[in-house]
Enquirer: 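Please read through the structure below; I'll follow up with questions.
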Amino acid sequence: MILILFVIFILFSILNMVIFHGSILMGVLTILFSVGGIVLRVSKFGLPEKAVTAAVIGCGLLGVLTLCGAGLRKQSGNSIRDYEDRLYTVQELLMDGKLDKAVQELKELEKQYGTDDNTQVLWALENLVKENFEEAYVYMNQVSDKQSQLYYAVMERICIKDPSDKSVEKIYEVYLEAAKRWPDWTHMQKYAGITYFEQNNYSGAQYYLSRAFAQDSTDYRVAYYLGAVAYYQGNREQCRQYFNEAIKLGADDDTCAEILWYMEQMEAR
């Protein structure tokens, strides 16, 4: 009976590797343990009966544990891939406006894997699409990691769409917090600088806008705001340099009109 079990272990390991593409290492280890058990059972090598029995049982247990470990790892890997694929599916459905299907998929996803930050964000996005802004904020408040890039990016999207007055204060908080938390995130550095500019905090604006321009020197809006900051700080030379740079980088007509206004005001002083 023991020999039959070992042969089954060997056959199953081969099938697992060849047909089901399981772990080669785990399959080879199972085969080795099984062969070792067979050799011990047949030859005994002059060992006492109890020692042989214990060794054979040990080989059998190692074989079983190896197979179980491979199966768990395989299942875990598949679960992770399945979870990520289904998250992506829900996002695609939301982007395509297929809300009923998205809600159904999201409920099934939570039923199988539970509720986490990713599903809370998807519920927030679902409410954003329906313009239920208050509900969207409720779901975002339930996100545990409120310093992740995902959290800040989605909060920004909600605040931009939300027409209420409080969204302005919220989005300012998002920009300033994200810029501090993620210093290499150029987008947030830029808008943190613009936020400070709109609050007449020119030193704060200069700090974040300078960081954004150092990370991406092709953005004419950043160059424009740096010129405006220099204007209010009384630095005429720097003001001209940044405004000229903004024009070279392709500033649009509205921005060029604003630059012209600043230049006229500077010359009039």
Side-chain angles (χ1 to χ4, degrees), residues 83-84 87-88 90-91 94-95 102 106 109-110 113-233 235 238 242 246 249 255 258:
Y83 171 75
E84 292 175 346
L87 283 175
Y88 180 76
V90 175
Q91 293 177 48
L94 289 173
M95 291 176 62
L106 188 48
L109 180 64
E110 285 191 322
Y113 294 103
T115 301
D116 60 14
D117 283 358
N118 290 319
T119 58
Q120 296 285 17
V121 166
L122 289 174
W123 282 119
L125 291 174
E126 185 260 343
N127 279 278
L128 174 61
V129 174
K130 295 191 297 186
E131 297 188 351
N132 294 335
F133 302 109
E134 290 301 324
E135 285 297 313
Y137 288 129
V138 169
Y139 280 109
M140 292 305 293
N141 285 336
Q142 295 176 33
V143 173
S144 60
D145 186 1
K146 292 183 173 60
Q147 292 186 331
S148 68
Q149 287 188 321
L150 175 63
Y151 174 81
Y152 290 125
V154 174
M155 280 295 293
E156 179 190 25
R157 288 178 61 183
I158 297 172
C159 291
I160 288 173
K161 291 286 186 180
D162 181 8
S164 66
D165 293 337
K166 69 177 181 180
S167 67
V168 176
E169 183 179 350
K170 282 182 177 292
I171 201 169
Y172 281 172
E173 291 176 359
V174 168
Y175 288 142
L176 297 179
E177 290 176 7
K180 293 175 183 178
R181 179 67 181 83
W182 300 94
D184 295 328
W185 194 351
T186 306
H187 176 80
M188 291 302 179
Q189 301 300 306
K190 172 183 175 179
Y191 282 98
I194 294 174
T195 294
Y196 273 131
F197 179 84
E198 293 178 351
Q199 295 175 344
N200 300 324
N201 184 338
Y202 300 119
S203 60
Q206 183 183 39
Y207 174 78
Y208 284 107
L209 289 168
S210 296
R211 290 179 64 88
F213 201 62
Q215 294 169 13
D216 179 11
S217 58
T218 64
D219 191 332
Y220 74 82
R221 290 294 290 173
V222 176
Y224 158 74
Y225 274 107
L226 281 169
V229 167
Y231 168 84
Y232 286 111
Q233 290 178 329
N235 192 331
Q238 196 173 68
Y242 279 121
L249 291 172
T255 303
E258 292 173 3

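Throughout, numbering of the chain's residues begins at 1 and tracks the sequence.
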Enquirer: How far apart are the C-alpha atoms of E156 and K161, what are their side-chain angles, what is the distance that settles it, and do they pass the salt bridge (Lys or Arg N to Asp or Glu O under 4.0 Å) test?
Expert: CA-CA 9 Å; E156 179 190 25; K161 291 286 186 180; over 6 Å; no
Enquirer: How are the rings of W182 and W185 set to each other: parallel, tilted or perpendicular (split at 30° and 60°)?
Expert: perpendicular
Enquirer: With Y202, which residues qualify under ring-ring contact (aromatic ring centres under 6.0 Å, His included), at least two apart?
Expert: F197, Y232
Enquirer: Mind checking whether Y172 and C159 have side chains closer than 4.5 Å, heavy atoms only?
Expert: no
Enquirer: Classify the side-chain pair T186/D216 by whether it contains a donor and acceptor separated by less than 3.5 Å.
Expert: no
Enquirer: Just to verify, what does D162 make a salt bridge (Lys or Arg N to Asp or Glu O under 4.0 Å) with, not counting sequence neighbours?
Expert: none
Enquirer: Quick one: pull up CG in D184 and CD in Q189 and give me the separation to the nearest 0.5 Å.
Expert: 8.0 Å
Enquirer: Ignoring hydrogens and geometry beyond distance, is a side-chain donor-acceptor pair present between Y196 and Q206 at under 3.5 Å?
Expert: no
Enquirer: Under a 3.5 Å cutoff, is there a donor and acceptor pairing between the side chains of D116 and Y83?
Expert: yes
Enquirer: One pair to check against salt bridge (Lys or Arg N to Asp or Glu O under 4.0 Å): R181 and E177. What are the steps and the verdict?
Expert: CA-CA 6 Å; R181 179 67 181 83; E177 290 176 7; over 6 Å; no
Enquirer: Just checking, K190 and Y225: is the charged tip under 6.0 Å from the six-membered ring centre and within 45° of the axis?
Expert: no
Enquirer: So, Y139 and E126: side-chain donor and acceptor under 3.5 Å apart, yes or no?
Expert: no
